[in-house]
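Below: one structure, written as structure tokens.
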Amino acid sequence: MPALEPIVPASTRRTRVPRWLRRTSGPVLLLLLWQLLSSTGVLTSDVLASPGRIAQVARDLVVDGSLPNAMGVSLQRVAVGLLFGAAIGTGLALVSGLFRAGEDLVDASVQMLRTVPFVGLIPLFIIWFGIGEAPKIAIITLGVSFPLYLNVYAGIRGVDSQLIEAGESLGLSRWGLVRHVVLPGALPGAMTGLRYSLGIAWLALVFAEQINADAGIGFLMVQARDFLRTDVIVVCLIVYAFLGLLADFVVRSLERLLLQWRPTFTGR
């Protein structure tokens, strides 16, 4: 009788490349192409500085303290705006999602306001709040609140009605249903909304720090623009990108921690 051989899935027979290597190969190839174009003169320093020059400028900005101070100010603005925006967006979504009367009072107004580009409100914010920190925080808050509202509201209304009926049959009160059924069911949508909100928060920060700022990453970019320093501008853009990537990593880690009960497809 021939010996039986275990069946090995095709995905495990392939040569496995470390995931970190696959994820970094794209940016590394792009960086090498950028350096090649700069070295051959296709990209001149007036158009875009070389990676080596940008690394040198970044080191100088770190050594003299300009970049760490700017990052600290920008992070503080994003944190405050995100806190206010999350409180407003989530609060309105709870009122609108849990109560029909709340939906009638809130949803139409929010849907109307979210179609207005928040960047277009900058002149009004300057008139209302002046040119200090208040209009900058207000722009970030406004940009953050709408994605959270939409996703939390959709998460609440997307809870399976059969789960509600099951909770009622078990004798759960209205608050018990909200706590044990509705809010856990809406949590995946809330985490998605938080990821969107963080991306918009950094986008709003770029515009906010153009409002008579005297500190922050945007302030460094404005100064660099006035002196035609493309190297400093690129350094600031890279910092924006890495801060946004770091914030998204934190939210994804939090999502994996809070949503362990929900098995999902992770790709093959």
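Formation of a donor-acceptor pair under 3.5 Å by the Thr40 side chain with backbone atoms of Leu37 is found in this model. In terms of modelled atom types and a separation under 3.5 Å, the side chain of Ser197 and the main chain of Val144 share a donor-acceptor contact. Remark: the backbone N or O of Gly244 is not paired with any side-chain donor or acceptor of Asp248 at under 3.5 angstrom. Put simply, the side chain of Tyr240 gets close to the backbone of Gly218: a donor and an acceptor are under 3.5 Å apart. Of the possible donor and acceptor atoms, one in the side chain of Arg157 sits under 3.5 Å from a partner among the backbone N and O of Gly97. Of the possible polar contacts, one joining the Ser145 side chain to the Leu142 backbone as a donor-acceptor pair under 3.5 Å is found.
Minimum heavy-atom separation, Ala224 to Ile233: CB-CG1, 3.6 Å. Of all heavy-atom pairs between Arg77 and Gly216, the closest is NH1-CA, 4.1 Å. Considering all non-hydrogen atoms of both residues, Asn151 and Gly193 come closest at ND2-CA, 3.5 Å. Here the closest non-hydrogen pair linking Leu220 and Ala70 is CD1-CB, 3.7 Å. Shortest non-hydrogen contact noted between Ile140 and Leu82 is CG2-N, 4.2 Å. Between Gly143 and Ile200, the shortest heavy-atom distance links the atoms O-CG2, 3.3 Å.
With values rounded to the nearest 0.5 angstrom, Asp231 atom CG is found 10.5 Å from Gln56 atom CD. Between atom SG of residue Cys236 and atom CD of residue Gln223 there is a gap of 9.5 Å, rounded to the nearest 0.5 Å. Note that CZ of Phe207 is 11.0 Å distant from CG of Leu205, once rounded to the nearest 0.5 Å. Taking CG of Leu194 as the start and CZ of Arg252 as the end, the distance is 13.0 Å to the nearest 0.5 Å. Separation of atoms CG (Asp64) and CZ (Arg59) is listed at 10.0 Å; rounding is to 0.5 Å. Taken from OG1 in Thr230 to CZ in Arg53, the straight-line distance is 9.0 Å, to the nearest 0.5 Å.
The shortest distance between side-chain heavy atoms of Leu92 and Val95 does not fall below 4.5 Å. The closest side-chain heavy-atom distance from Leu94 to Phe99 is not below 4.5 Å. Residues Val232 and Met221 fail the side-chain proximity criterion, which asks for heavy atoms closer than 4.5 Å. Proximity of Arg195 to Thr192: side-chain heavy atoms (C-beta onward) are nowhere separated by under 4.5 Å. Between Ile54 and Trp34 the shortest side-chain heavy-atom distance falls below 4.5 Å. Proximity of Val251 to Leu198: side-chain heavy atoms (C-beta onward) are separated by under 4.5 Å at one or more points.
Of the charged side-chain nitrogens involved, none lies within less than 4.0 Å of a carboxylate oxygen, so that Lys136 and Glu209 do not count as a salt-bridged pair.
Under the 4.5 Å side-chain heavy-atom criterion for ILVMFWY residues, a single connected hydrophobic cluster contains both Ile238 and Val206. Ile137 is not connected to Trp202 by any chain of hydrophobic side-chain contacts under 4.5 Å among Ile, Leu, Val, Met, Phe, Trp and Tyr, and they are in different clusters. Criterion: ILVMFWY side-chain heavy atoms under 4.5 Å apart, direct or through other members. Under it, Leu243 and Val62 are part of a common hydrophobic cluster. A single hydrophobic cluster is not seen to contain both Val28 and Phe242; linkage of ILVMFWY side chains at heavy-atom distances under 4.5 Å, directly or through other members, places them apart. Transitive grouping of hydrophobic side chains (ILVMFWY, heavy atoms separated by less than 4.5 Å) brings Leu237 and Ile217 into a common cluster.
Taking the six-membered ring where tryptophan is involved, the planes of Phe125 and Phe129 are tilted, since the angle between them lies from 30° to 60°.
Residues Gln111 and Thr115 bring no donor and acceptor atom of their side chains to less than 3.5 Å of each other. Looking at Ser96 and Tyr149, their side chains do bring a donor and an acceptor atom within 3.5 Å of each other.
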Does Asp60 form a side-chain contact (heavy atoms from CB on, under 4.5 Å) with Val63? I'd like the steps, not just the answer. CA-CA 5 Å; Asp60 294 341; Val63 170; 5.6 Å; no

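By the 6.0 Å contact criterion, CD on Gln35 is enclosed, its count of non-hydrogen atoms from other residues, nucleotides or ligands being greater than 12.
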